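Here the structure is laid out as structure tokens; the discussion comes afterwards.
The analysis underlying the following values was restricted to heavy atoms, covering all of them including side chains, and did not include hydrogens, waters or symmetry mates. None of the values given here were measured: they were computed from a predicted structure.
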Amino acid sequence: MDSSEKPQNTDCEYQIATYKKVNGMFQGVVLVTAYAGIQQKPIVEIPTSLTFQTQHAAKIEASALASRLIETGAMIALLPQRAKPE
């Protein structure tokens, strides 16, 4: 797994990572580490639905997914109930 640090964006702190699958393809994943100041334990993993031949493409897709989830407010729906701010 490769990961790159992502600075805090609004209320969400996350990292973008990639996994190399058995078939040699790469899948991106958003790792949510904190939301609204609440640390996520365990870290919430949100994988992309697609796989790519290059690691760079998988990172781009995961970054776009994180942006869409934050912009639409859908990120909070994917967090465990205990991790949501009141």
Side-chain angles (χ1 to χ4, degrees):
M1 177 181 86
D2 176 62
S3 74
S4 58
E5 289 291 326
K6 191 73 174 175
Q8 183 175 353
N9 186 353
T10 63
D11 287 337
C12 188
E13 293 180 33
Y14 62 95
Q15 295 179 358
I16 300 300
T18 56
Y19 291 106
K20 189 170 185 179
K21 311 272 284 176
V22 175
N23 62 2
M25 301 289 278
F26 292 92
Q27 182 174 24
V29 65
V30 179
L31 303 171
V32 181
T33 56
Y35 192 88
I38 300 171
Q39 291 296 110
Q40 302 297 303
K41 301 264 182 187
I43 292 173
V44 177
E45 294 187 24
I46 306 169
T48 60
S49 58
L50 302 173
T51 58
F52 299 89
Q53 291 181 346
T54 67
Q55 187 175 29
H56 182 68
K59 281 184 178 182
I60 291 171
E61 178 69 12
S63 182
L65 174 62
S67 294
R68 281 191 308 265
L69 292 173
I70 291 168
E71 289 171 9
T72 62
M75 181 72 78
I76 196 163
L78 299 174
L79 300 177
Q81 189 65 32
R82 69 185 188 296
K84 296 178 183 177
E86 296 179 22

Inset, instruction - Locate the shortest heavy-atom distance separating C12 from V32; write the atom from each residue and the value. - result: SG-CG1, 4.1 Å

Inset, instruction - Look up atom OH in Y35 and atom CD in E13, then write down how far apart they are to the nearest 0.5 Å. - result: 12.0 Å

Legend entry - Check: I46 and Y14 side chains under 4.5 Å, non-hydrogen atoms: no

Legend entry - pair Q40-T33: side-chain heavy atoms closer than 4.5 Å: no

Legend entry - Side-chain donor/acceptor of S63 to backbone N/O of K59, under 3.5 Å: no

Inset, instruction - Kindly give the heavy-atom pair with the smallest separation between A66 and M75, and that separation in Å. - result: O-CE, 4.3 Å

Inset, instruction - Would you kindly confirm whether L50 and F26 end up in one hydrophobic cluster when ILVMFWY residues are joined by side chain heavy atoms under 4.5 Å apart? - result: no

Inset, instruction - Flag yes if L31 and I60 sit in one hydrophobic cluster, no otherwise; membership is Ile, Leu, Val, Met, Phe, Trp, Tyr, and two members link when side-chain heavy atoms are under 4.5 Å apart. - result: no

Inset, instruction - For the residue pair E61 and T48, confirm or rule out a side-chain donor-acceptor distance under 3.5 Å. - result: no

Inset, instruction - Treat each ILVMFWY residue as a node, draw an edge where side-chain heavy atoms are under 4.5 Å apart, and state whether I70 and V30 are in one component. - result: yes

Inset, instruction - Find out if a path of hydrophobic residues (ILVMFWY) with successive side-chain heavy-atom gaps under 4.5 Å connects V44 to I16. - result: yes

Legend entry - Path from L65 to I76 over hydrophobic side-chain contacts below 4.5 Å: yes

Legend entry - Between CD1 on residue I38 and CG on residue L79, distance to nearest 0.5 Å: 9.0 Å

